[in-house]
Amino acid sequence: MKLADNKATLSFSNGSPSVDLPVYHGNVGPDVVDIRKLYAQTGMFTYDPGFLSTASCQSAITYIDGDKGELLYRGYPIEQLATNCDFMETCHLLLYGNLPNAAGKTEFTKRVTQHTMVNEQMQFFLRGFRRDAHPMAIMTGLVGALSAFYHDSTDITNPEHRDISAIRLIAKMPTLVAMAYKYTVGQPYMYPKNELSYAGNFLHMMFATPCEPYVVNPVIERAMDRIFTLHADHEQNASTSTVRLCGSSGTNPFAAIAAGVACLWGPAHGGANEACLNMLEDIQRMGGISKVGEFMEKVKDKNSGVKLMGFGHRVYKNYDPRAKLMQETCKEVLGALGLENDPLFKLAMALEKIALEDDYFVQRKLYPNVDFYSGIVQRAIGIPVPLFTAIFALARTVGWIAQLNEMIGDPEYKIGRPRQLFTGSERRDVQPISQR
Ligand code: ACO
């Protein structure tokens, strides 16, 4: 972060002295006004619920240009990463800042695959859950529980501990998600097969049974890998900020990632792909494409409380680049599985077309986000709808841990402690219970 030549001057209409605030440049993107000394200088806080104009940290990992519809991981466009690299290379890039060469990739993949198994005790945690538990409820519990198994890697001040926790989390998430799935359908857990790719191994643990051989379909494997890559990081979104805030107290990485999983669950965030598919199924039940117009009227009516799920984004005010790539994958998967005429896909295309031409959406710059198509792909692969968000969590784990490790390595990092504008009662005295 570079100090700019100019300063920001904050003046007050009541005659209080104005204050100069330093301005910093990043490498790209908006400058920031440094308000850290504002309270000491003026006795005032700033007010920005939802962080609409507040940078909570400096970061060198992911950059989004919402107006251009651009997403860069460590400077590389998501389109190039999704077409030229796989998820393991992307993980290496996010964690260490560079794309590995062939030997580096082999070495990194080997390190990850060495940690794919989870402690057998994990099965007993699962048994405590109802069979119909939501996979995100299970994942929140299981990820938090990992901290009870790896006492040798919970010291966040130790870079080696941070690195081994990162590898363990990336390696074990697919195993845990697949276990959560197998538990809910009552099938035996499948142990990881380390000769498979990261995505192939996940498909194996999800869909193989001990009864017969399971052969990974390369089109589905590629689609799964792309889903992981597209969801791997997204700068300071709600769950990543949760991980940073949780980790800022010095808690262990497994606990901080469990907090991220909990945050991701919400329908305004990771839960949107599940909500989007449920929405498409509802419209399909109501009559399909012929009901799209009626549904859109509800979406535009503020009193209806209905939103077009999979549309809109806090940062992208142009097409979400991940949505384009996911639409491509969607066509490829449906083609490979002979589902080109899938009614939900057709419905999604019809909704998208109408929304992109409708004034309501155009004026508000609402475009499809990645979740609009990722649900259709996952459903075609055979992944049950409630598991979608858990798969998002699996993919985002590398981003969370890279951001957490970046924060801990930042000399300016402090425990996160937002302020407030108090609107409650002023001091008052407690009355004896008989007089209340
Ligand atoms: N359907 C209908 N109207 C919408 C939608 C939508 N999906 N999204 C935003 N709007 C409207 C809002 O009502 C608001 O209208 P107004 O100005 O008339 O009041 C305007 O567009 C601006 O929207 P905000 O809610 O202020 O935008 P914000 O940045 O706070 O929210 C969010 C972004 C939460 C993603 C929102 O667009 C949304 O709820 N979308 C649906 C859920 C979804 O798909 N989430 C996935 C996000 S991507 C991810 O997590 C991977």
Side-chain angles (χ1 to χ4, degrees), residues 48-54 62 64 66-67 69 71 73 78 82 136 226-243 260-283 292-327 329 348 351-378 385 388-400 403:
D48 186 15
F51 297 90
L52 294 177
S53 302
T54 299
T62 294
I64 303 171
D67 293 322
L71 168 61
Y73 292 166
I78 191 67
M136 287 299 275
R226 183 172 274 193
I227 289 175
F228 295 158
T229 300
L230 298 187
H231 288 86
D233 196 43
H234 216 224
E235 51 123 299
Q236 308 312 318
N237 55 83
S239 57
T240 302
S241 300
T242 300
V243 169
V261 174
C263 177
L264 190 75
W265 192 356
H269 192 10
N273 52 15
E274 180 176 344
C276 178
L277 205 92
N278 288 335
M279 173 194 79
L280 293 174
E281 284 177 342
D282 283 348
I283 304 173
V292 163
E294 197 182 303
F295 178 76
M296 285 307 223
E297 287 314 307
K298 268 198 224 149
V299 168
K300 291 191 274 178
D301 173 6
K302 291 275 171 209
N303 299 320
S304 73
V306 177
K307 274 196 170 177
L308 182 56
M309 299 314 286
F311 256 73
H313 198 275
R314 170 60 60 81
V315 183
Y316 293 118
K317 300 302 172 194
N318 193 328
Y319 215 93
D320 176 345
R322 302 167 304 170
K324 274 191 193 137
L325 292 158
M326 197 41 75
Q327 192 197 49
T329 298
L351 276 171
E352 180 181 355
K353 187 166 184 302
I354 294 177
L356 292 180
E357 287 165 0
D358 191 300
D359 262 2
Y360 174 96
F361 292 91
V362 174
Q363 276 168 13
R364 289 171 178 76
K365 299 188 175 172
L366 299 171
Y367 294 89
N369 58 53
V370 64
D371 292 327
F372 196 65
Y373 286 106
S374 71
I376 301 173
V377 177
Q378 294 185 64
V385 178
F388 290 180
T389 318
I391 289 173
F392 187 166
L394 180 177
R396 184 55 59 85
T397 295
V398 63
W400 288 331
Q403 300 264 356

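The structure presented is a predicted model; accordingly, all values stated were derived computationally and were not measured. In listed order, ligands and their atoms are each counted from 1.
- Here the two rings, on Tyr316 and His234, have centers that are under 6.0 Å apart.
- Atoms of ligand 1 lying under 4.0 Å from any heavy atom of Ala268, numbered from 1 in the order shown and given with element: 45 (N), 46 (C), 47 (C).
- Protein heavy atoms are found inside the 4.0 Å sphere centred on atom 19 (O) of ligand 1.
- Within the 4.5 Å cutoff, the side chain of Leu280 has heavy atoms near those of the Ile376 side chain.
- Remark: ligand 1 atoms within the under-4.0 Å shell around heavy atoms of Val299 are 1 (N), 2 (C).
- Taking 4.5 Å as the limit, some side-chain heavy atom of Phe361 sits within range of a side-chain heavy atom of Leu308.
- With contacts defined as side-chain heavy-atom distances shorter than 4.5 Å, the pair Met326/Ile227 qualifies.
- Side-chain contact between Thr242 and Trp400 is absent, with no heavy atoms from C-beta onward closer than 4.5 Å.
- At a heavy-atom distance under 4.0 Å, only side-chain atoms of Asp371, from C-beta outward, approach ligand 1.
- The atoms of ligand 1 that sit less than 4.0 Å from any heavy atom of Phe392 are 51 (C).
- Listed by number with element, the atoms of ligand 1 under 4.0 Å from a non-hydrogen atom of Tyr360 are 2 (C), 3 (N), 4 (C), 11 (C), 13 (O).
- Less than 4.0 angstrom separates atom 7 (N) of ligand 1 from at least one non-hydrogen atom of the protein.
- Using a 4.0 angstrom heavy-atom cutoff, His234 does not count as in contact with ligand 1.
- Proximity of Phe295 to Val306: side-chain heavy atoms (C-beta onward) are separated by under 4.5 Å at one or more points.
- Ligand 1 places these atoms under 4.0 Å from at least one heavy atom of His269: 46 (C), 49 (C), 50 (O).
- Atom 1 (N) of ligand 1 has its closest protein heavy atom at Leu308 N, 3.0 Å.
- Here the protein heavy atom with the shortest distance to atom 48 (S) of ligand 1 is His313 CD2, 3.5 Å.
- Any N or O atom pair closer than 3.5 Å counts here, and Gly310 shares at least one such pair with ligand 1.
- Nearest protein heavy-atom contact of atom 35 (C) of ligand 1 is Gly312 O, 3.7 Å.
- For atom 26 (O) of ligand 1, no protein non-hydrogen atom is found at a distance below 4.0 Å.
- At the shortest separation from atom 40 (N) of ligand 1 among protein heavy atoms lies Phe311 O, 2.9 Å.
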Would you sort out whether Gln236 and Gln403 count as a side-chain hydrogen bond (donor to acceptor under 3.5 Å, both in side chains), showing the intermediate values?
CA-CA 9 Å; Gln236 308 312 318; Gln403 300 264 356; 2.9 Å; yes
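- For Ser53 and Asp48, the side-chain atoms include no donor-acceptor pair closer than 3.5 Å.
- Between Ala232 and Arg396 the shortest heavy-atom distance is O-CD, 3.6 Å.
- Using a non-hydrogen distance threshold of 4.0 Å, Phe372 does not register as a contact of ligand 1.
- The Ala272 neighbourhood of ligand 1 comprises atoms 43 (C), 44 (O), 45 (N), 46 (C), with distances under 4.0 Å to a heavy atom of that residue.
- Close approach of ligand 1 to Lys302 is summarised as follows: ligand atoms under 4.0 Å from at least one heavy atom of the residue are 12 (C), 13 (O), 14 (C), 15 (O), 16 (P), 18 (O), 19 (O).
- Shown here, atom 10 (N) of ligand 1 is in close reach of the protein: a heavy atom of it lies under 4.0 Å off.
- Arg364 forms a cation-pi arrangement with Tyr360, by the criterion of a distance under 6.0 Å to the ring centre and an angle within 45° of the ring axis.
- Checking atom 23 (O) of ligand 1 against the protein gives no heavy-atom contact under 4.0 Å.
- Considering only heavy atoms from C-beta on, Asn318 stays 4.5 Å or farther from Asp67 through its side chain.
- With a 4.5 Å cut-off on side-chain heavy atoms, Tyr319 and Pro368 count as touching.
- Closest to atom 42 (C) of ligand 1 among all protein heavy atoms lies Met309 CE, 3.4 Å.
- For Phe311 and Tyr367, the ring centers sit 6.0 Å or farther from each other.
- When each atom of ligand 1 is checked for a heavy atom of Arg314 under 4.0 Å away, the hits are 28 (P), 29 (O), 30 (O), 33 (C).
- Distances from atom 36 (C) of ligand 1 to the heavy atoms of Lys307, Gln363, Arg322 show the closest one on Lys307.
- Counting heavy atoms from C-beta on, the side chains of Asn237 and His269 come closer than 4.5 Å.
- Glu357 and Lys353 are joined by a salt bridge, as a carboxylate oxygen and a charged side-chain nitrogen come within less than 4.0 angstrom of each other.
- Looking only at protein heavy atoms, the nearest one to atom 4 (C) of ligand 1 is Leu366 CD1, 3.6 Å.
- The nearest protein atom to atom 21 (O) of ligand 1, hydrogens excluded, is given as Arg364 CD, 3.3 Å; this is a heavy-atom distance.
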